[in-house]
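Computed over heavy atoms, backbone and side chain alike; hydrogens, waters and symmetry mates excluded.
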Amino acid sequence: MAYGANKVGLSGAFNDWTNALNSGDLKKFYDFFDARSEILDEDYPWRMNKAEFVDHIGFHAGGAGRASLWEHFKWIPREVEVKVWHKVTGQVSGFSTFRGKPVDAGFRQRFMGFTTNWHHHAGAWKVICWHQSPLIGRIDGASPS
C-alpha cells in the first residue's frame with residue numbers, strides 16, 4: 001500500500017503497522033521495518049537490528065517448531081503524536097499498554113512510553129527505530145530523595 005509523505009500517510013502506516021501486530025500478521029508487521037532498523041524493546045536490555053528483533057518476537061510468538069508463550073496479546077497506543085519533516089522523516093510517539101495472557105500464567109499488563117521513527121521512500125513509510133520503555137522508570141525513583 002502506498003502512503004503519502006505527510007501526517008495522514010504516516011498515521012495510516014502506523015495504524016496498519018499496529019493492526020498487523022495485533023492481528024498476528026507478523027509478516028506484514030515486519031515488512032514495515034527498514035532492513036537497517038534499530039529496536040529498543042522494553043523486555044530486552046540491548047539494541048536489536050531487524051533480524052534480532054524478528055528472532056526475539058519469534059521466541060515469544062512461536063513458529064519454527066516452537067510453541068507460542070502467549071495465548072493472546074494486544075499493543076494499544078495512546079495519546080499518539082504524529083510529526084513529519086521534509087516529507088521524508090517522521091515520528092510517531094506516545095504511550096502504550098501491552099496486555100496479554102501468557103500460556104502458563106495469569107493476565108499481564110505493561111504501561112510504556114514509545115517513539116517510532118520512520119523514513120519515507122518510494123511511497124512507503126518504513127520504521128527505522130522503535131524504542132519503548134516501561135513508565136515505572138519515569139515514576140519510581142525518578143528523583144532521588
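The cluster map of Ile, Leu, Val, Met, Phe, Trp and Tyr, joined by side-chain heavy atoms under 4.5 Å apart, puts L40 and V54 in different clusters. The cluster map of Ile, Leu, Val, Met, Phe, Trp and Tyr, joined by side-chain heavy atoms under 4.5 Å apart, puts Y30 and V92 in the same cluster. Tracing side-chain contacts under 4.5 Å through hydrophobic residues (I, L, V, M, F, W, Y), one reaches L26 starting from F32; they form part of the same cluster.
The closest donor-acceptor contact from the side chain of N15 to the backbone of S11 lies under 3.5 Å. With H119 contributing its side chain and V88 its backbone, the two residues share a donor-acceptor pair below 3.5 Å. Of the possible donor and acceptor atoms, none in the side chain of K74 sits under 3.5 Å from a partner among the backbone N and O of L21.
Proximity of the aromatic rings of F98 and F73 is defined here by a centroid distance below 6.0 angstrom, and this criterion is met.
Nearest heavy-atom pair, K87 versus H120, reported as atom, atom and distance to 0.1 Å: O-CB, 3.7 Å. Across W75 and S96, no two heavy atoms sit closer than the pair NE1-OG, 3.3 Å. Annotation for K7 and V84: closest pair N-CG2, 3.8 Å, computed over non-hydrogen atoms. For the pair G113 and L135, the tightest heavy-atom approach, listed with the atom from each and the gap, is N-CD2, 3.6 Å.
Ring-plane geometry between F33 and F29 is classed as perpendicular, the angle between the planes exceeding 60 degrees on a 0 to 90 degree scale with a lower cut at 30.
N49 and E38 share no side-chain donor-acceptor pair at under 3.5 Å.
Only one option out of F114, W130, W125 pairs with W17 in a ring pair (Phe, Tyr, Trp, His ring centres under 6.0 Å); it is W130.
The distance from atom CD of E52 to atom OG of S37, rounded to the nearest 0.5 Å, is 10.5 Å. Separation of atoms CE (M112) and CG (D43) is listed at 8.5 Å; rounding is to 0.5 Å. Atom CD1 of I76 is separated from atom CG of N22 by 7.5 Å, given to the nearest 0.5 angstrom.
Residues R47 and I39 are not in side-chain contact: their nearest non-hydrogen atoms beyond the backbone lie 4.5 Å or more apart. By the 4.5 Å heavy-atom criterion applied to side chains, N117 and I128 are counted as neighbours. Counting heavy atoms from C-beta outward, W118 and L10 have side chains that approach closer than 4.5 Å. With contacts defined as side-chain heavy-atom distances shorter than 4.5 Å, the pair Q91/T115 qualifies.
Residue W46 qualifies as open at atom CH2: its count of foreign heavy atoms under 6.0 Å is 12 or below.
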